[in-house]
Amino acid sequence: YKEKYHGSNLYCATMPTEGSFSSEYSLEEVGKLLIECYDKQIKLIREVDKDAVIFSHSPFPYCKTYRYQVEAVKRHDAICLEYNIDQPGVYPYHMQNNYYWGDTKWVTGTLSHCANETNPAADIRFALEKVQSFVANPRTRLCVGFGIHNEKRYRNILANDLYHVLAWN
């Protein structure tokens, strides 16, 4: 695949949610299945690319399977992804996860546009202030990147350009 399409060695592994399993399973069984699915996914990625850099969606503290999600991410030294720092009133995942437990790398970013919206999904001024506050906060030392998540891009060139400048600066 990499040779044919000249791809990178960046991969995003997806964890199944607790809703992915039948309710007949206990929480412990669901947790074990979650970890097993995640482990197998990572194993396949590593078989294809020994230099793979694994990203993962952030564990969700409000899920019953949270502790299993954390275990899965930590087992594989995955880099957690979050895209909600530009939304006032939303408690950011890095804070929900205690800055990813002080030992896990993570990438933050913005959710630029959602669904059928042509305007930014959140507050640009708030996003700028939030990103600038990261520099002064020693707990963000393991934040290794800034990303932009677009569910739909449309043609909002000004907002996309601004978010890219944020990402590089």
Side-chain angles (χ1 to χ4, degrees), residues 1-2 5-17 34 38-39 41-46 48-63 66 68-115 117 119-154 156-169:
Y1 178 86
K2 282 179 62 176
Y5 297 105
H6 307 289
S8 72
N9 65 333
L10 305 178
Y11 300 86
C12 185
T14 303
M15 270 184 268
T17 63
L34 182 149
Y38 195 76
D39 287 349
Q41 190 178 170
I42 303 293
K43 181 181 178 200
L44 286 171
I45 292 169
R46 297 242 187 254
V48 171
D49 186 349
K50 63 179 175 57
D51 297 321
V53 176
I54 308 294
F55 290 87
S56 179
H57 297 286
S58 298
F60 299 112
Y62 49 84
C63 288
Y66 175 69
Y68 300 103
Q69 294 176 36
V70 171
E71 182 181 335
V73 166
K74 288 184 160 208
R75 281 168 83 138
H76 297 287
D77 200 25
I79 300 169
C80 290
L81 298 171
E82 65 171 39
Y83 294 107
N84 68 343
I85 66 158
D86 57 348
Q87 299 176 35
V90 174
Y91 194 46
Y93 292 134
H94 65 273
M95 294 176 78
Q96 290 181 43
N97 286 294
N98 194 20
Y99 293 85
Y100 297 100
W101 322 287
D103 62 2
T104 302
K105 292 178 184 173
W106 49 289
V107 171
T108 193
T110 64
L111 178 61
S112 176
H113 298 83
C114 290
E117 298 295 321
N119 295 315
D123 185 325
I124 292 173
R125 176 177 286 157
F126 182 80
L128 287 167
E129 291 169 357
K130 193 74 168 175
V131 170
Q132 291 166 352
S133 74
F134 273 37
V135 175
N137 185 346
R139 296 188 75 190
T140 62
R141 75 187 188 294
L142 292 174
C143 180
V144 296
F146 182 89
I148 303 159
H149 176 66
N150 287 316
E151 288 183 356
K152 303 262 182 175
R153 286 188 191 250
Y154 294 104
N156 196 333
I157 296 166
L158 179 63
N160 282 312
D161 281 353
L162 174 62
Y163 289 142
H164 282 90
V165 167
L166 273 175
W168 285 107
N169 291 324

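Numbers here are sequence positions counted from 1. Keep in mind that what you see is a predicted model, and the values were worked out from it rather than measured.
Between Thr104 and Ala78, the shortest heavy-atom distance links the atoms CG2-O, 3.5 Å. A pairwise comparison of heavy atoms in Ala72 and Tyr38 identifies O-CE2, 3.4 Å as the closest pair. Considering all non-hydrogen atoms of both residues, Gln96 and Pro61 come closest at OE1-CD, 3.4 Å.
Looking at Glu82, its side chain never comes within 3.5 Å of a backbone N or O of Pro92 through a donor-acceptor pair. Asn97 contributes no side-chain N or O that, together with a main-chain N or O of Ser58, makes up a donor-acceptor pair within less than 3.5 Å.
Between the CG atom of Leu34 and the CD atom of Gln69 there is a distance of 6.0 Å, given to the nearest 0.5 Å. To the nearest 0.5 angstrom, Lys50 atom NZ is 10.0 Å from Asn9 atom CG. With rounding to the nearest 0.5 Å, the separation of NZ in Lys74 from OG in Ser56 is 13.5 Å.
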Start with the C-alpha gap between Val53 and Tyr11, add the side-chain angles, then the distance that decides, and say whether side-chain contact (heavy atoms from CB on, under 4.5 Å) holds. CA-CA 6 Å; Val53 176; Tyr11 300 86; over 6 Å; no

Could you go through the side-chain contact (heavy atoms from CB on, under 4.5 Å) check for Val73 and Cys80 one step at a time? CA-CA 8 Å; Val73 166; Cys80 290; 3.7 Å; yes

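Between Lys105 and Asp77, no side-chain nitrogen of the basic residue sits less than 4.0 Å from a carboxylate oxygen of the acidic one, so the salt-bridge criterion is not met.
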Distance-only check: which donor-acceptor pairs under 3.5 Å involve side-chain atoms of residues 135-146, not counting sequence neighbours?
residue	atom	partner	partner atom	Å
Asn137	OD1	Arg139	N	2.8
Asn137	ND2	Tyr99	OH	3.2
Arg139	NH2	Asn98	OD1	2.4
Thr140	OG1	Phe134	O	2.8
Thr140	OG1	Asn137	O	2.7
Arg141	NH2	Gly102	O	3.2

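Scanning for salt bridge (Lys or Arg N to Asp or Glu O under 4.0 Å) contacts around Asp39 gives Arg75, with sequence neighbours left out.
Among Val48, Ile42, Asp49, the single residue meeting the side chain to side chain contact (heavy atoms under 4.5 Å, CB included) criterion with Arg46 is Ile42.
Phe60 has its ring centre less than 6.0 Å from the ring centre of Tyr93.
When the shell of 6.0 Å around NZ of Lys43 is examined, it contains 12 or fewer heavy atoms from other residues, nucleotides or ligands.
Taking the side chain as every heavy atom from C-beta outward, Trp106 and Leu81 never approach each other to under 4.5 Å.
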